[in-house]
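Data first, discussion second: the structure below is written as C-alpha cells.
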Amino acid sequence: MKHTKIKALLESSQVGEKVIVKGWVRAFRSNRFIQINDGSTINNIQAVIEYENFDEAILKKISTAAAVEVHGTLIESQGKGQSVEIAVENVHILGEANPDEVQKTVMQPKKHSLEFLREQAHLRFRTNTFGAVFRIRHGLTFAIHKFFNDKGFYNLHTPILTSSDAEGAGEMFHVTNFDLNNIPKTEDGKVDYSQDFFNKPVNLTVSGQLEAELGALALGQVYTFGPTFRAENSNTSRHLAEFWMIEPEVAFNDLKDNMDLTEEFLKYLSNYVLENYADDLKFLNDRDVKEQSAKPAKDRNPLTLIERLEFVANNEFKRITYTEAIEILRNSKPFKKKKFKYDVEWGVDLHSEHERYLVEKEFNCPVIITDYPADIKAFYMRQNDDGKTVAAMDVLFPGIGEIVGGSQREERLDVLKKKCADFNIDEKEVWWYIDSRKFGTVPHAGFGLGFERMVMFATGMTNIRDVIPFPRTPGNADF
RNA sequence: UCCUCCUUAGCUCAGUUGGUUAGAGCAUCUGACUGUUAAUCAGAGGGUCCUAGGUUCAAGUCCUAGAGGGGGAGCCA
C-alpha cells in the first residue's frame, strides 16, 4: 500500500479508509497527538495514538523533526482544530532526531528571527514560513511558463557564459580556466586570454535580452527565464549576486504593447497565487499583519498582503512619462519643503525616495514611468522623435521599487550605430546584434522582471535573501 | 562602497552612575497530568557577555581596532 500525501488526505476526506502517511513530526502533544507535515501543504495532519498501547521506547523517539511513517484509519476528529485525523495503529520511526541537537536549530518549536533562519538555510525549509515561500515560488515559476505558453511564446535558453559585456547592466563575474596562481601574460604584461578556454574574456551573463531579441526576430514571441549574475557590491535587502530573471521579447510590439503585456502578466501572476496558494498565502498574510502592527503607524502598509495582491490584480496601473513624473515631484510637498535628499531636475535619474513618493504617496498603486532621457538609459532603447528621450519603461511597485524594466528596442540600423558610438560601444563587440537590423528589421519590445522581487511581492517577505533557497550576496556563498 | 544601529544561555532579550555569585521568557531534560491545538503544573541543567588590545583598584558596562549581522543609501532587477 502506498502512502498518501497529506494535502490529498485533507482535501479528499476519505473517512473510514486505511491510510499510510510519511512525514516529519512538527509537534507531539500530550503523548497522544502527533502533528505531521510532509511538505505537500502548510497544513499538518494530526495522528492520534493510544499511548497506553505503545512501547515507551517508540514514544520517546516521536520527537520534533523526526521522520515517521504512520499507519491507521482516517476518522473525523473529536477535537476542534481539524476536521479529520488519523487513528494510529502503527508508527515506524524512519529517521530519529535528537532533541538536544534539534534544540540548536530552527526546528526548535518556537518563533525565530529571519536572521537566525537565514544562518540555517539548509533547515529553514522545515518551517511554515519558508515552506509557504518556496511553494509559492514554485507556483510563480509554473505560472510564468503557463502565461507565456498559453500566449504562444517560446521559451528561449540564452547562454549563461557570455563574451558580450556591452549591456552595461553591471559588474560581471569573470569565468576562466586559468590556474589563478599562474596566469599567462602577453609581452606587455596583460592577461593573455588567447590561452584561456574560450580564447577570449568570458563572463557570467547579466541579461539574456540581446540574445532574446534575436530569437524574437524569427520566432515572434520568446521569453527567457534563467539565472543572472551581478558582481556589484550591493548590500541591500533587494539585491542578489545570483538571481533569476524573466525577459520576454516580442516582434512588432511598440512601447504601449509592451506596457499592456507587462500589466497583464503581473496581474496574471498575482491572480495565480491568490487562486492556487490560498493556504500558504493566508499564513503569510497573518504573519504580515503581525509584522505591520509592530511597526510605527507611519511605516505601516494600509493593505494586507492578500489585499495588495488583489489590488494589483484588479486595478489599472498608473502610466506617466518621466517628464510628467519630474513635474509632479517638483510640485510635491517634500520637494518644496526640501525633504528630498537628491535634487529633482529633468535629465537626472529618479532616486528611491522619488519613486517611493510617486508609488506610495501620490498614486498609491503600481506606476509605469515611460520615456526617460536617453542619457540615463541603455544604448539599445529606441530613440523617440523628440531626440531627447527613449521609449523606456520602469514598473514601480509599492514596497519593492523597480520590479520591471523594459523598452521598445532601437530597430533602425543607422540610429543603433550612432547609439553605439555615443555609448562608446565597439560595434565589433556586438556585430551579431547590429546584424539583426540589416535583414527585415522590425519594431520590437521587451522587458525584464526580477523573479525574486515578484516572489517578495507575492509572499510579503521584505528581504530578498528570504525568497531564494540559498542566497548569494557579497561575502556569502554558503550551502 | 557609504551612513547608522546591533552582537549577553539553543532562541528572543533585560542587565541602572563601571562595583559581590550575570537574569527572564521560550526551548531542552526529569517528574506529574492527559482529547491536545503556542497544552498545563513542578523542578533541573545550560554562559569564551563576538574577537584582540587598552583605561581602571575593579569592565557585560568606558576607549581603539577587527569580525559578523540588521536597517537605510548608492547601483540595479
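Residue numbers start from 1 in every chain, and the chains themselves are labelled A, B, ... in the order their sequence lines are given, proteins ahead of strands.
Looking at heavy-atom distances under 4.0 Å, A:Lys80 makes contact with a base. Backbone-only engagement by A:Arg118 is indicated by non-hydrogen atom pairs under 4.0 Å involving sugar-phosphate atoms exclusively. Nucleic acid contact for A:Ile403: sugar-phosphate only, since backbone atoms but no base atoms lie under 4.0 Å from a heavy atom of the residue. Contacts of A:Arg26 with the nucleic acid, taken as non-hydrogen atoms under 4.0 Å apart, are absent. Nucleic acid contact class of A:Thr228 (heavy atoms, under 4.0 Å, all strands): none.
Between A:Ile49 and A:Ile62 the shortest side-chain heavy-atom distance falls below 4.5 Å.
Residues from residues 37-60 of chain A with heavy atoms under 4.0 angstrom of RNA chain B, sorted by number: A:Gln46, A:Tyr51, A:Lys60.
Nucleotides B:U48 and B:A44, compared at atom C1', are 24 Å apart to the nearest Å. The separation of B:A38 from B:U12, taken at their C1' atoms, amounts to 15 Å, rounded to a whole angstrom. B:A39 sits 46 Å from B:C3 when the P atoms are compared, rounded to a whole Å. A distance of about 14 Å separates the C1' atoms of B:U16 and B:G23, rounded to the whole Å. Taking atom C1' on both B:U64 and B:U28, the two are 40 Å apart, rounded to the nearest angstrom.
Following rounding to the nearest Å, A:Ile34 (CD1) and B:A39 (C1') show an atom-to-atom distance of 16 Å. For A:Asn235 and B:C75, the CG to P distance is 15 Å, given to the nearest whole Å. In this structure, A:Glu115 places its CD atom 15 Å from P of B:C6, rounding to the nearest Å.
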Evaluate the side-chain hydrogen bond (donor to acceptor under 3.5 Å, both in side chains) criterion for residues A:Asn463 and A:Arg238: first the C-alpha distance (whole Å), next the side-chain angles of each, then the deciding distance (0.1 Å), finally the verdict.
CA-CA 6 Å; A:Asn463 192 315; A:Arg238 301 181 307 282; over 6 Å; no
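Checking A:Asn258 against A:Asn253 by side-chain atom types alone, no donor-acceptor pair falls below 3.5 Å.
The base of B:C11 is not paired with the side chain of A:His112 by any donor and acceptor separated by under 3.5 Å. The base of B:U36 is paired with the side chain of A:Gln82 by a donor and an acceptor separated by under 3.5 Å.
Looking at the side chain of A:Ser77, the nearest of the listed nucleotides B:G35, B:G70, B:U12 is B:G35.
Figure legend: cation-pi geometry between A:Lys377 and A:Tyr372, with NZ or CZ positioned under 6.0 Å from the six-membered ring centre and within 45° of its axis.
For the ring pair (Phe, Tyr, Trp, His ring centres under 6.0 Å) test with A:Phe125, the passing option among A:Phe479, A:Phe130, A:Trp24, A:Phe470 is A:Phe470; the others fail.
Checking B:A52 for Watson-Crick or G-U wobble geometry (two distances, each under 3.5 Å) identifies B:U64 as its partner. With a cut-off of 3.5 Å on both pairing distances, the Watson-Crick or G-U wobble partner of B:C26 is B:G10.
Under the rule for a ring-ring contact (aromatic ring centres under 6.0 Å, His included), the partners of A:Phe451 that lie at least two apart in sequence or sit in another chain are A:Phe225.
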